[in-house]
Structures are given as C-alpha cells and as structure tokens.
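In what follows, a single structure is set out as structure tokens and then discussed.
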Amino acid sequence: MSLQGAAGADELIFYVNGRKIIEKHADPEQMLLSYLRKRLHLTGTKYGCGGGGCGACTVMISTYEPASKKIRHYSANACLLPICSLYGVAVTTVEGVGSTKSRVHPVQERLAKCHGSQCGFCTPGMVMSIYTLLRNYPEPTSEQMTAALAGNLCRCTGYRPILDACKTFCKRMAENQPKRTLVFHGERMTWISPVNLDELLDLKAAHPKAPLVVGNTIVGPQMKFGGMFHPIVFSPARIPDLNVVKYTDDGLTLGAACSLSLVKDILRNAISKLPEEKTKIFYAVLKQLRTLGGEQIRNVASLGGNVVSRKSTSDLNPILAASNCMLNLASRGRKRQIPLSDIFADGVGNNTIMPEEILVSVHIPHSRKGEYISAFRQAPRRENALPIANAGMRVLFEEGTDKIKDLSIFYGGAASTTVHAKQTCWTLIGRHWNEQMLDEASRLILKEIALPGSACGGKVEYKNTLIVSFFYRFFLEVLQSLKTMDSCHYPGIPMEYESVLQDFQTKMPQSIQIYQDVDQSQSPQDPVGRPIMHQSGIKHATGEAVYIDDLPSVDGELFLAVVTSSRAHAKIISVDTSEALKGPGVFDIITADDVPATNEFHYSSDPEIIFARNKVICVGQIVCAVVADSDVHAKQAAAKVKIKYEVLEPVILTIEEAIKHNSFFEPKRKLEEGNVDQAFETVDGILEGEVHIGGQEHFYMETQSVLAIPRGEDKEMDLFVSTQHPAFIQEMVAASLGVPANRIMCHVKRVGGAFGGKILKAGLLASVAAVAANKTNRAVRLILSRGDDMLITGGRHPFIGKYKVGFMNDGRIRAVDAKYYVNGGCTPDESVLVAEVSLLKMDNAYKIPNLRCSAYACKTNLPSNTAFRGFGFPQSALVTETWITDIADKTGLSPEKIREINMYKEDEQTPFKQKFDPQNLVRCWNECMEKSAYHSRKTAVEEFNKQNYWKKKGIAIVPMKFPFGLGTRYLSQAAALVHIYTDGSVLLTHGGIELGQGIHTKMIQVASRELNIPMSYIHFRETSTTTVPNACASVGSAGTDVNGMAVKDACQTLMKRLQPIINKNPKGNWNDWIKEAFEQSVSLSATGYFRGYNENMDWEKGEGQPFTYFLYGAACSEVEINCLTGDHKNLQTDIVMDIGCSINPAVDIGQIEGAFVQGIGLYTMEELKYSPEGVLCTRGPDQYKIPAVCDIPERFRVSLLSSSQNPYAIYASKGIGEAGLFLGCSVFFALRDAVTSVRNERGLKKTFAMNSPLTAEQIQAACADDFTKMMTNDESASSISV
C-alpha cells in the first residue's frame, strides 16, 4: 500500500480507566505519559526519567489475545508507549485503581499504612506494578513480587517498607481488534499499523529505511535522546505471523513480535514439560531474561527487536547466536532462513538482513546429549541495568567423551555489537576439556576478543578480565556436569569452587524494626512517639498528591526549554537564534539581556549566574531559553540554537588539575590540636595514604520544576517551585526582576525528593522562568528533563583525602595530618561550607590527641556541586574509617579492636573544644555488637572463606558520631502560624518543607499534643512566603527541631488564651471552648517563633560550639563477593541509632533506612562519568545506577536506642534525616574485609587502596587472580588451574 492511499488519518480508539477515548488527531510522536498528563489531566502517572528506567510512569495495559482468547494484563512504562500503539487496548492508571473520593484499593492502603512512601513521587508507579501482578496472580510468590518491582526506583525509602506492604499479598475491552490497517499522521511522523505480513512487506519494500516498532524500547530512546528521527514507522504488533508460538520436533519457533515476558513464560512452560537434556538452551535464555530490563520493559520489548538491533548490550544475542538459533526472514516475494550468528559475522554488526527484509520469527533449537550451554552477564546493578559485558557459550562433545566436537563462544559489551570468538573455537576443536585447554583458550580468547586500551566506554581492563572469567566459569560448569554424567572418569571441581557456580539471587528481605516504648502514662490521644502514617501516604498511593507539574495548566501558559553550554570554559562568540525562532509554536527566546535587574548574585567572591553572557565556565551552564506553546516545541527549538565558542584555557575538571593550577575558592580552612610533629616522632608506626571518593547525583524522583504566573498588576508574581527554600526563591526572583520581595509569592505543597539539591539551583531556575514570565507576561512552566537536570545541577562533591597517621603497636592513634579537597565546580555555591563541615566532623567517633587537618574547595569547570545529605561528613568520615582499617592491617589487630581502642568513651571534647558526653555512642556500639551477633558471625565468615575459593564473605561494624547543627543561629530560626476556626478545625502552617521526611505529619503530631485535640482536627495546606516570611531552608536534618519549636510556641500561645475558658467549663469539649472564645473576642490565630540554636565557630582560634547536640549510631553489615566478576550481595545489616525520643518512630526508621540505602549507592554503586571535555556522560537511569530492590540487604534490622534523652530539641527528639547515610560505608568495609580475605589467601600482603564507589570493577581488580594478571602481563601470567 502507498502512503498516498492512506492520506486520511484514522481515529485512534482506546480505553483509559474504563472510559472510551477517541483521538481524531493522534500524533505518532506523542507518548502515553504526556497524553495522560496533558490531554486527560490524569497526573498520578509521573515523569521520572523519560527513558523507561525508573518506573514512575508505570501503567497497566490490558489487551485481548486472540490465540489464548484471554485478556492479558501487563505493566508498561507510559513514557515509552506511543499512543498510536494502543489501538483497542485498555489502559489503567493509578486513578483507575482507587481514590479517596471513591474507594482506596488494598494495594494503595497497605503501601501507605506500611509507611512505604516518603516523598511519594515514585509511589503511583509502585502501586501499578504491584496491582498488575495481583491482577495476574492474586496470591503471588515473593519472587514474583520482587521481580515485579525490579523496574521501579525509589530514592527515599530504601525499599524495605514497600516490600513489607507487598508481603501482605503473597501467596470494558474490545474482544477482537479491527482487521484493517491503521494510519496516523502527526506533525512530523506517520505511523502505519498493517494487519498482515504481505501488507507489511509491501510497505517495507516502498520504505526500506522505516523502522519496525513494537515496544518502542530501542527506537523510542534513540529518537528521544539520540537525536534520531524517522518520518515513517511501522507497527507490526497485530500481524499473526509475527506473534506465532510453534513447538516443533527440534525446538521452538517464536514470532519476532512476541514480548520478552511472553518468551519467558513460554520457555518456563517448555522447561517444565520437556526432558532436561532438550532444554539447556531454553534454560540459558531464560536466565538472561530474568534480569534483562525491568518487568515493564520486558512486557513490551520484542524478541525480534532485541535481535535485529544488534546492540552490544543485548543479553540475549550472545546466547541465541551460540546456540545455533535460526532467523526466518521475509521480503516481498521471498522467504529465507539464516543462522542468527550470521548477523554478527564480521564483528561490527554488518547487517546481513536486507533493508527491505523483515524478521518474522526466531527458531530456538533443543539441546542435544553431550551439549552444554551457559549464559553470563555482569552489570553495574544486578537487575534492570545494561551489562558491562555478557556472553553465551556452547560446547558439544564427541559421544561419551570430553573431546570437543563443536564450540561456540559469543561476547557482548566488547565491541559495537555481539562478537564471535571464531578462531578460538576452531582451534580448540578436538581438544580435551582439561586445564591445558583452559589455559590455551584463555590466551586465544584474549588475543581474539580483547579490547584495545583506547576503546570507548572505558572499563577496558575489567571487560577483558570478564571475557576470560566468563569462560573459566563455563569451564567449571561443564566439568561439574561431566562429573554428573560419569563421576568415575570426570572428578568434577574442588568443593571450595562449587559456590561460584551459583549466581546471586534477589530475595524478599526479612526485616525487623525496633521502636522505643511509649510511656504507659501517656494519653492514648497523644500521638507523639507513635508510628503515625505519613499524612499524605494514601494520596501518594492514589496519585492524588499534587506536585508542581501536576498543577492545572494556566490559560496561555508557555513551556520553557533551556539551551546549555557544550563547552567547559569558553568565550561566547555568537548566539544564533534565527532557526529556533522559525520553529512551530515558538513564542520567544530569553537571554541575559532580558533580565530586568540582577543576573549575577555575589554571595561570595565568585558570582552565581542566571544566564551566561560573554563566557561559559562549565558544560551545562544556561546560555538562553526558549518559550513555546508546548514542551515538545520548546525542546525542538532549543536544539536549533547555534552557539559559537572560542575555547579558553585552562580547562580544569579534576581536583588534581585544580591543585596543579592553584584554583581554589576562599577561604581555605585548617583545624589543629596538640603537637602533631612531636607526636610523629614518638609513635611506633606511620602510614600514609590517599582516598578518592566520587561524586553523587541527587536523583530526586521529581526533577527541578517551576511554574511562574505573573498576576498582571503591581508586578506581582506567584511561583510554584519544587524547592527546600521558598524564601530564597523569593529573594532571588525579586532581585532578578528588580521588584520588592513582597510582590513575589512562593508556594510549595510538597517536593518529590531533594536531598540538598533544590536550594541555590532551584533559585537560579526559578529566576529563568520568572524572567521569561515577566518578558512574555504569560505563565511559564519549566520542568527539567532528567538528562538536563543531571547535566545542569551538580551533586555531591567529589573528594580526595590525603592522610598521614601515627599509631602505636597496641592500636592507639597518636597523630593525624590530613588534607581534604572537594571539587566545588565552577561557582562557590556551598562548597566552602562543605569543606568546613568535612573538617569539623572528620574525627567521627574517635579521640585523636594530635591533629592537623586542612580543607580546600577546588574551583573547576564542572557544574557547581552543592549540598547533599550528609554535607561533607560521608566523605571525610570515610577517609577516617579507611585509615582505621589500614592501622588494623599494619598492627595485625582487628578493625573493630582499633575502633574500640580509639573511640570516645567518657566526657570528652572535640578537636574544636566542644564538650560532649559519648555514652550513647558506646551504647550503640555495644548494642549493635550484641544484636548483630558480630563475633559469632565473624567466625562463621572466616569458616565460609576457608571452604570457598571463588566466593568470599566479609563483615564490618562501624560506629558513628554525627554532630547536629547549622553553625550559625540565624540559619536555624523558624516561625509558624496556627488558625483555629469556629467549627474547631485547625489550620497549621510553618516554614518547613515536606520533602518526604514527614515534617508535616510530625508538626500535626506536635500541634495535636499541645492543643490536646485529635490529629484529624488539624490540616496543613502549603508552605508559602505569604504566611511565614523569611523561613530558613529545610536542610541539615533541622526541619522538625526548629519548626516543631515554633509550632509548639504558637499552640501554647493559643492554649494560654483559651485556659480561662477551659477553667470555667472543664467538662466542656473543644468545640464548646472555641465557640465561647470567639464569642468573648479571644483571638484564635497565633504565630509561633523559635530564635534558633546558639551555634558559632571561630576559625581563627580553631574552636567554638558549631553544633547543638550529637546523634550516635552503629551499623554492622555482611556481604558476599564473587571474585571472578566482582559482583556482590548484601546479606545482612543491623543498625542501632540514638535519635533521642522519636516523635514518630515509623517515619524516623524510614529516614534511617532510606539514608542507609542512599549510602550504599554512594559507596558501592553510583558512578558519575565525564568526558575529557567535561561533558557528563551518565545522564539518566540507563547509565547512572542508584540502588534498586535487588541491592538492599536480605536481612535488614533497625533498632532505636531506648531511654535516650536530648534536652535541646522538641520533646527530646533528634534530627535524623542525614545521619544514616554514612552507615552505608559498613557495606564498603565489609566488601574490603572480603577482598582482604581473598588477598591473604593468595599471599598478597601488599597494602591496597580502595576508593569509593567500590564497584564490581574495583573489587575484581583488587582480588588479583590469574585473570587480572593476564591483563597486566599476558606472557608472564601463571597457568590457570582448578
């Protein structure tokens, strides 16, 4: 059929939450997510990344399957589903599951009541993944539940409470889709969905370059992120030939359009029915399918798309190619069959499939007697992550022997496509399966496949090691299988090698949370100290909780897209906007010239800049912005802005380069105590070292978001911003527009995660939107894409700690001389303060009698780094714990012994002369030792390590002293406003921001206690500069402390006014008293105020009281590593925390667990990669891996220290938001312990450095086996043996 014949576009008909949708102008470029949010105003489905990597946009798709005559329900990512692919299907969103207005579904209710939401932004996606699973399996297994959530990310909770909610569940459609071709014409693209193969072949002959799209998991991201465009696409999903499932005598034929989930089910079914001998290939393919993408991706991605994309990252292609799978191809008038391996014949992905040909189906053969097949992969995260390297291997022996008759080895990740170790396989035919063959094979494989040192994508040495390690693992598997066949002739492998044949599995975690007891004399109505559900928990789960981009559109609203610098340090020669202005829907371009007043904010010597004017100082700096009638048009136009640069020198990207060029922000800081030089002369030993700690992306689920609405008179403007600091937004925007602050009103209902990343950067972005709104006199919406957010905003400071430590042979530390360097980026932001805090908190839990430490904030050409949960402490304390462990290595004492010897024990003072009582530190340490059964488990770990060669366990226990305070009194002041209405209801507001930490819930608990009324009487609406002026930022774990004091003050003022009325009528109720108060003209509105903590630090003297009190904790973690790949599994973590008297233990334990898992990310997984030109390469969940369900400990126990008092904070509580993150380093040191065991066993006594994040690559390299030796010196490597 020709396109001309299809000029009239079809109507798109589908169903959403039972409602029939008829779309007369369906655009093939529009994804379901934007359609739901912008056209149908169903905002429960969230934008998290736009690439199918986070699960925030999960919906349920229901479709009738003619073959089974059943309705199939599956979860999918709405951000990748073109609406044109939905003809005749039903979509269920979180709003269709349940709501507070109709009925809350049990999934939503249990998730909320199990405290499974904090910021709530990811919660609708979690609900939809669980709901879809329950539609298919009303009593799912725990394995099905964890698999269902593998594609969903959460940055707040640490997953445990979400999985707890899941455990409680464990153990109108069109029947026939239309039989006519569907055609949809968009602004730039045409979508054609034919109904039979012949029609598709005719279309493909006419348009050979047009891609076929089934799940849109490859073409979609290429178009969205890769700049690719296709004017025509074909959707073959409805063609029966491409959905065939056929069992044959020699195998299984599967249609190319079959989803990977369907393939998984079919293979599982075949394995259960066929003899094991025939299903070895099926089993290997199934193994790869279990971890390929998340459930949402597997549900839509097709088998054929995975094959023909020929991507190096495909986990399926190596095993399918090695297994002699066949491809059934068709073109107009011709059908043919080729081996799947042919499409990788030349190693560069030369496509032997002709442009006009279609892959119709894939034939997967049965395995034969004497044939062994295995598949392998290693990825940055065990599930829902593209592989670093993968492999498929098959060997066939001469009957009854171990003589190789046929061998096939394919690798992914080593080149631009799957590669075949053809020469190696040919050479080894006829060899016996023994150690001589292994040795020869390893060298041959390396020679044939190994990457050159300059290969793109990095990790060259690691990939090369994996290439050989995979073959060695295959060698061991086959040896063990031969033993099963004939144990007399084939003895198998040593017992201590057997454990490496088992892959790490994700299990439903077992968890315990131990709260503090509530005093029995406390009134049952008093909610303080009780595990109250998050006030917005149900609304999070139903999708009714409103975030910035969920706000209804304003009449005439414009969308803003930023244009950022592509150079790290350059002069701007010209900015050409002519092409951009011609784009459809473009309204205007905004530059520095449009800023009415302040464009540069001089908070210190170097300015913070809204729009770059004459030069750029980092990649990602905002140069100008486009406003248009839609976000799509704005982004298209932004891509057309042409900027010419003249590169300036030097370009400084790293800390080392900053040191070389003496590039620092002032002031530099120093802390000294005792006589360091003299102490070094009297010690038994001195060690020196250096620790590198990488940066960390905030990865809040809600990206930076602003809606600026000019009010049309008196230069007033309302700003709705996802920020931690509304007063700062007000101040910056007012300054940039040149108006008084009283004309700018900033509103925040809730924030979808922040962790320190929504303060200064949010102010600059709000100013960009406000300048655009001011110029156009229209409302302007700015929602950063995930990629732009990561590029522009910066994160945790990369850190280098250099140390020299003097110690005695009995483990006592006598002197420390250290230098800390933080990579501040291109502007000061909070970098000097981060450097200061890293100094003040560097001692962690240890008394250091002689100390000399300096801290430097490096000025580089990276986007400015900023505040992040922990604020310098997670970096400097990791350096401290590293040299503690180094001393243990040197003295032969255990790390926990060194920690105990040097721990603060009695009334002590810090290096800056602040006194404190560390008894709760010692209590936390001792309780953690006891609850974790540390000593017996350490013995068990040692026993395991003796019995296992390629797998090792490690265990570590780490203490923590976390000082609380913001350093200056005015930064911790707070105010509140409480209104009582005549019906007795109470409206509460304060200056704190709900970021997921439950502050509003706690403030309502405080007001409930002080006013002695039920929480249900009290409502919190929003935080706004109109109600509470000049509020400080919600940072530093201080929100509850300071705002709680202000709320308490306001409520006590009101109760003081009401007391005479209550005294006169003591038997009356609340409503009676309020009515009487109104009639007596008693004011029922009060402000509350807290002046802040009296904190100070004199850097000249090196002493002060910068902190108000201290939190204490200890964590014990146990891990298991795979020495061949560097992969690891977190087995158990026990945490004991002193948080005073908890106001809400459920919320506080959620904060501890969430921070701890974020710490696991910082110390073991999350890796930011920059190009040599300063371009951030890891710009989304595909490249940047935060912890997922598979990464949390299998056994996770958190206890709150009992009988702990804190006289300085509200109700003796303590601010808990940040402290737990550092305890994630217990996993880091458990990994180090496991690696130490490996190195000791292999006779490697040389000290070794471990940097953060401690990824699989670093673990594998530190294990220093025969394979890593082959990388460094092929010729001198020892023989590999079993």
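Given the structure is predicted, the values throughout are model-derived calculations rather than measurements. By convention here, the first residue in the shown sequence is residue 1. Worth knowing before you read on, the calculation uses all heavy atoms, side chains too, and leaves out hydrogens, waters and symmetry mates.
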Quiz prompt | Partner of T882 under side-chain contact (heavy atoms from CB on, under 4.5 Å), chosen from V879, L878, T880, I884 | solution = L878
Quiz item: Taking all atoms of both residues into account, what is the closest heavy-atom pair of M1137 and G1113, and its distance?
Solution: SD-CA, 3.8 Å
Quiz prompt | Charged N-O contact under 4.0 Å between R786 and D789 | solution = no
Exercise. Tell me, yes or no, whether the heavy-atom count around K847 atom NZ, taken from other residues, nucleotides or ligands under 6.0 Å, exceeds 12.
Key: yes
Practice problem: Would you kindly check if the NZ (Lys) or CZ (Arg) of R382 is within the cone defined by 45 degrees around the ring axis of F504 and under 6.0 Å from the six-membered ring centre? | Solution: no
Practice problem: Work out which heavy atom in G294 is nearest to a heavy atom in N384; give both atom names and the distance. | Solution: N-OD1, 3.2 Å
Practice problem: Without swapping roles, check the side chain of Q997 against the backbone of L995 for a donor-acceptor pair under 3.5 Å. | Solution: yes
Practice problem: Assess the side chains of S117 and H534: does a donor N or O sit below 3.5 Å from an acceptor N or O? | Solution: no
Self-check item: Nearest non-hydrogen partners of C166 and M508, listed with the distance
Solution: CB-CE, 4.3 Å
Quiz item: Looking at residues at least two apart in the chain, or sitting in another chain, which of them share a side chain to side chain donor-acceptor pair (under 3.5 Å) with K938?
Solution: E896
Practice problem: Any chance you could measure S876, atom OG, to L839, atom CG, to the nearest 0.5 Å? | Solution: 7.5 Å
Practice problem: May I ask you to decide if S1202's main-chain N or O and R923's side chain share a donor-acceptor pair within less than 3.5 Å? | Solution: yes
Quiz item: Between E1167 (side chain) and T1255 (backbone), is there a donor-acceptor pair under 3.5 Å?
Solution: no
Quiz item: Does I1139 offer a backbone N or O that forms a donor-acceptor pair with the side chain of Q516 under 3.5 Å?
Solution: no
Quiz item: Are the side chain of Y1211 and the backbone N or O of G1044 linked by a donor-acceptor pair below 3.5 Å?
Solution: no
Quiz item: For the residue pair F1156 and F1196, is the inter-centroid distance of their aromatic rings smaller than 6.0 Å?
Solution: yes
Quiz item: Any salt bridge (charged side-chain N to carboxylate O under 4.0 Å, His left out) pairs touching residues 1141-1160, not counting sequence neighbours?
Solution: R160-E1153, K1002-D1148
Practice problem: Report yes if the side chains of E1120 and N945 come closer than 4.5 Å at any heavy-atom pair, otherwise no. | Solution: no
Quiz item: Among all residues two or more places apart in sequence or in another chain, which pass the side chain to side chain donor-acceptor pair (under 3.5 Å) test with K761?
Solution: D829
Quiz item: Nearest 0.5 Å, what's the CZ-CZ distance between R899 and F1229?
Solution: 6.0 Å
Quiz item: More than 12 non-hydrogen atoms from neighbouring residues, nucleotides or ligands closer than 6.0 Å to OH on Y1208, yes or no?
Solution: no
Quiz item: Are side-chain heavy atoms of Y1163 and S1252 found at a separation under 4.5 Å?
Solution: yes
Quiz item: Taking C-beta and beyond as the side chain, do P959 and E881 meet within less than 4.5 Å on heavy atoms?
Solution: yes
Exercise. Not counting sequence neighbours, which residues clear side chain to side chain contact (heavy atoms under 4.5 Å, CB included) with S129? List them please.
Key: T58, L149, N152, Q296
Quiz item: Taking the six-membered ring of Y515, is the NZ or CZ of R530 close enough (under 6.0 Å from the centre) and on axis enough (within 45°)?
Solution: no
Self-check item: ring-ring contact (aromatic ring centres under 6.0 Å, His included) against Y820, all qualifying residues, sequence neighbours excluded
Solution: F799
Quiz prompt | K931 side chain reached by I514 side chain, heavy atoms, under 4.5 Å | solution = yes
Quiz item: With sequence neighbours left out, what residues match W925 under side chain to side chain donor-acceptor pair (under 3.5 Å)?
Solution: E900
Quiz item: Between D1134 and Y934, do the side chains contain an N or O donor and an N or O acceptor separated by less than 3.5 Å?
Solution: no
Quiz prompt | By ring-ring contact (aromatic ring centres under 6.0 Å, His included) - contacts of F916 (at least two apart) | solution = Y904, F1110
Exercise. Measure from NZ or CZ of R750 to the centre of the six-membered ring of Y547, then state whether that distance is under 6.0 Å and the direction lies within 45° of the axis.
Key: yes
Quiz item: If we only count heavy atoms from C-beta on, is the N865 to V822 side-chain gap below 4.5 Å?
Solution: no
Practice problem: Ignoring hydrogens and angles, tell me if any N or O in the side chain of Q724 forms a donor-acceptor pair with the backbone of I993 under 3.5 Å. | Solution: no
Exercise. Kindly say whether E143 contributes a backbone atom to a donor-acceptor pair with the side chain of T146 at under 3.5 angstrom?
Key: yes
Self-check item: pair Y846-K961: side-chain heavy atoms closer than 4.5 Å
Solution: no
Quiz item: Is a side-chain donor-acceptor pair under 3.5 Å present for S1199 with E927?
Solution: no
Exercise. Report yes or no: does Y1184 contribute a side-chain atom to a donor-acceptor pair with the main-chain N or O of E697 at less than 3.5 Å?
Key: yes
Exercise. State, to 0.1 Å, how close L153 and P1181 come at their nearest heavy-atom pair, and which atoms those are.
Key: CD1-CB, 4.3 Å
Practice problem: Give the minimum heavy-atom separation between I1192 and P509, together with the two atoms involved. | Solution: CD1-CG, 3.6 Å
Exercise. Working to the nearest 0.5 Å, report the span between CD1 of I1149 and CG of L1200.
Key: 4.0 Å
Exercise. Spell out, as yes or no, whether a donor-acceptor pair under 3.5 Å connects the side chain of T1040 to the backbone of I999.
Key: no
Quiz item: So, Q1151 and Q118: side-chain donor and acceptor under 3.5 Å apart, yes or no?
Solution: yes
Practice problem: Look at the side chain of T168 and the backbone N and O of D164, then say whether any donor-acceptor pair between them is shorter than 3.5 Å. | Solution: no
Self-check item: salt bridge (charged side-chain N to carboxylate O under 4.0 Å, His left out): pairs with one or both residues in residues 1183-1196, sequence neighbours excluded
Solution: K1129-E1194
Practice problem: Take atom CD of E942 as the centre, draw a 6.0 Å sphere, and report whether it contains more than 12 heavy atoms from other residues, nucleotides or ligands. | Solution: yes
Quiz item: Residues in ring-ring contact (aromatic ring centres under 6.0 Å, His included) with Y1112, at least two apart?
Solution: none
Exercise. Might you point out which heavy atoms bring N920 and S1204 nearest each other, and give the distance in Å?
Key: ND2-OG, 3.3 Å
Practice problem: Please list, chain by chain and in numerical order, all residues satisfying side chain to side chain donor-acceptor pair (under 3.5 Å) with H115, sequence neighbours excluded. | Solution: none
Exercise. Nearest 0.5 Å please: distance from the CZ atom of F962 over to the CZ atom of F873.
Key: 6.5 Å
Practice problem: To the nearest 0.5 angstrom, please state how far the CG atom of L111 sits from the CD1 atom of I130. | Solution: 5.5 Å
Quiz item: With sequence neighbours excluded, what pairs up with F1107 under the ring-ring contact (aromatic ring centres under 6.0 Å, His included) test?
Solution: F912
Quiz item: Going by the side-chain hydrogen bond (donor to acceptor under 3.5 Å, both in side chains) test, which pairs reach into residues 1214-1234, not counting sequence neighbours?
Solution: D886-R1232, D889-R1232, S1037-E1218, S1117-S1226, D1138-K1214
Quiz item: Less than 4.5 Å apart, any side-chain heavy atom of M701 and any of K46?
Solution: no
Quiz item: Are side-chain heavy atoms of R155 and C122 found at a separation under 4.5 Å?
Solution: no
Practice problem: Step through the shown structure and confirm whether more than 12 heavy atoms of other residues, nucleotides or ligands are within 6.0 Å of NZ on K507. | Solution: no
